[in-house]
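Quick caveat, the model's predicted, so the values are computed rather than measured.
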Amino acid sequence: MQFASESVEILIEQFSKLPTIGRKSAQRLAAHILKMPKEDVARLANALLEMKERVRACDICGNVTDAEICIICNSTKRESGIVCVVQDAEDIVALERTGEYRGRYHVLGGVISPLDGIGPDDLNIRTLIERVGASDSDITELILAVSPTVEGDTTALYLTQLLEPFPIKITRLARGIPVGLTLSYADEATLSRAIAGRNTISKPREE
């Protein structure tokens, strides 16, 4: 069924492009917005535009932020020696909900996936190597918090081999997370156990 209004149909079409939003859900959202006061609709539209104009990637970790450096990288209360490597910024939100992790982050921007045409050069791997290899770096551990999928395992293996020359410990989240589950969909309890029980996959080489 289609609405008689072309404007409503255009809005439904745009909503349908969002992840997990089918046509029925898009219709319900459009119907809800039709009932909203014009002022509230204007605030929603302005919030969307302002987000696109202001939000950027943190210069250090790649997290979403309104400033050059995100609040996590700027915080003096975080453990700067431990860096958790995640696929996307949404994963940071999921891990922060647990209250278990107090280190810092590095956002890859995805995982290696040859079938999708995504290789190492398409991810924020070079900046990770630069962080680890910087002369003033105090990083002692990298936690590879990529999702337990084929692509995630490939990415973790690639990073482990690439980081082998550096004197750092490399760990990976414990397998309390079901295989194939995207990290941002895991519950807080599962993520807390995964962080606490992370497995060492590479140790610093002894001189």
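Taking OG1 from T65 and CD1 from I72, the interatomic distance works out to 9.5 Å, rounded to the nearest 0.5 Å. The distance from the CG atom of L11 to the OG atom of S16 is 9.0 Å, given to the nearest 0.5 Å. The CG atom of D40 lies 14.5 Å from the NZ atom of K35; values are rounded to the nearest 0.5 Å. Rounded to the nearest 0.5 angstrom, I92 CD1 and Y105 OH are separated by 6.5 Å. Here C70 contributes atom SG and R104 contributes atom CZ; the two are 8.5 Å apart, rounded to the nearest 0.5 Å. Distance check: L162 CG to I125 CD1 gives 7.0 Å after rounding to the nearest 0.5 Å.
Checked by atom type and distance alone, the side chain of H106 never pairs as donor or acceptor with a backbone atom of T127 at under 3.5 Å. In this structure, N63 contributes its side chain and C58 its backbone to no donor-acceptor pair below 3.5 Å. Looking at T154, its side chain never comes within 3.5 Å of a backbone N or O of I112 through a donor-acceptor pair. Between the side chain of S147 and the backbone N or O of T149 there is no donor-acceptor pair closer than 3.5 Å. Side-chain atoms of R78 come within 3.5 Å of backbone atoms of G103 as a donor-acceptor pair (strictly under, hydrogens ignored). Between the side chain of S137 and the backbone N or O of R131, at least one donor-acceptor pair lies under 3.5 Å.
Around atom CD of Q14, more than 12 heavy atoms belonging to other residues, nucleotides or ligands sit under 6.0 Å away. No more than 12 heavy atoms of other residues, nucleotides or ligands sit less than 6.0 Å from atom CD1 of I71.
When every heavy atom of S80 is checked against every heavy atom of D138, the shortest pair comes out as OG-OD2, 2.6 Å. Scanning all heavy atoms of the two residues, the minimum distance from V107 to A89 falls at CG1-N, 3.9 Å. Between A26 and F15, the shortest heavy-atom contact is CB-CB, 3.6 Å. Here the shortest heavy-atom pairing between L144 and R172 reads O-CG, 3.3 Å. The minimum heavy-atom distance between L95 and A145, with the atom names listed, is CD1-CB, 4.4 Å.
Partner of Q87 under the side chain to side chain contact (heavy atoms under 4.5 Å, CB included) criterion, chosen from L123, V111, T155: V111.
Taking Ile, Leu, Val, Met, Phe, Trp and Tyr as hydrophobic and joining them when side-chain heavy atoms fall under 4.5 Å apart, one finds M51 in a cluster with V55, V64. Taking Ile, Leu, Val, Met, Phe, Trp and Tyr as members and joining any whose side-chain heavy atoms lie under 4.5 Å apart, directly or through other members, V150 forms no hydrophobic cluster with any other residue.
L44 and L29 fall within a single hydrophobic cluster, where Ile, Leu, Val, Met, Phe, Trp and Tyr side chains are chained together by heavy-atom contacts under 4.5 Å. Cluster membership for V8 and I10, using ILVMFWY side-chain heavy atoms within less than 4.5 angstrom, is not shared. Residues L34 and I21 are members of separate hydrophobic clusters, defined by side-chain heavy-atom contacts under 4.5 angstrom among Ile, Leu, Val, Met, Phe, Trp and Tyr. Follow the hydrophobic side-chain contacts under 4.5 Å out from Y101 and you never reach V93; the two are in separate clusters. Hydrophobic clustering keeps I139 apart from I60 (ILVMFWY residues linked when any side-chain heavy atoms are closer than 4.5 Å, directly or through intermediates).
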Handout entry: CA sep, side-chain torsions, deciding dist, call: L142, L128, side chain to side chain contact (heavy atoms under 4.5 Å, CB included)
Key = CA-CA 10 Å; L142 283 182; L128 175 63; 4.2 Å; yes

Handout entry: Chi angles and distances behind the side chain to side chain contact (heavy atoms under 4.5 Å, CB included) call for L108, L159
Key = CA-CA 11 Å; L108 292 175; L159 290 175; 4.1 Å; yes

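With salt bridges taken as basic N to acidic carboxylate O contacts below 4.0 Å, one links R126 and E130. With salt bridges taken as basic N to acidic carboxylate O contacts below 4.0 Å, one links E9 and R23.
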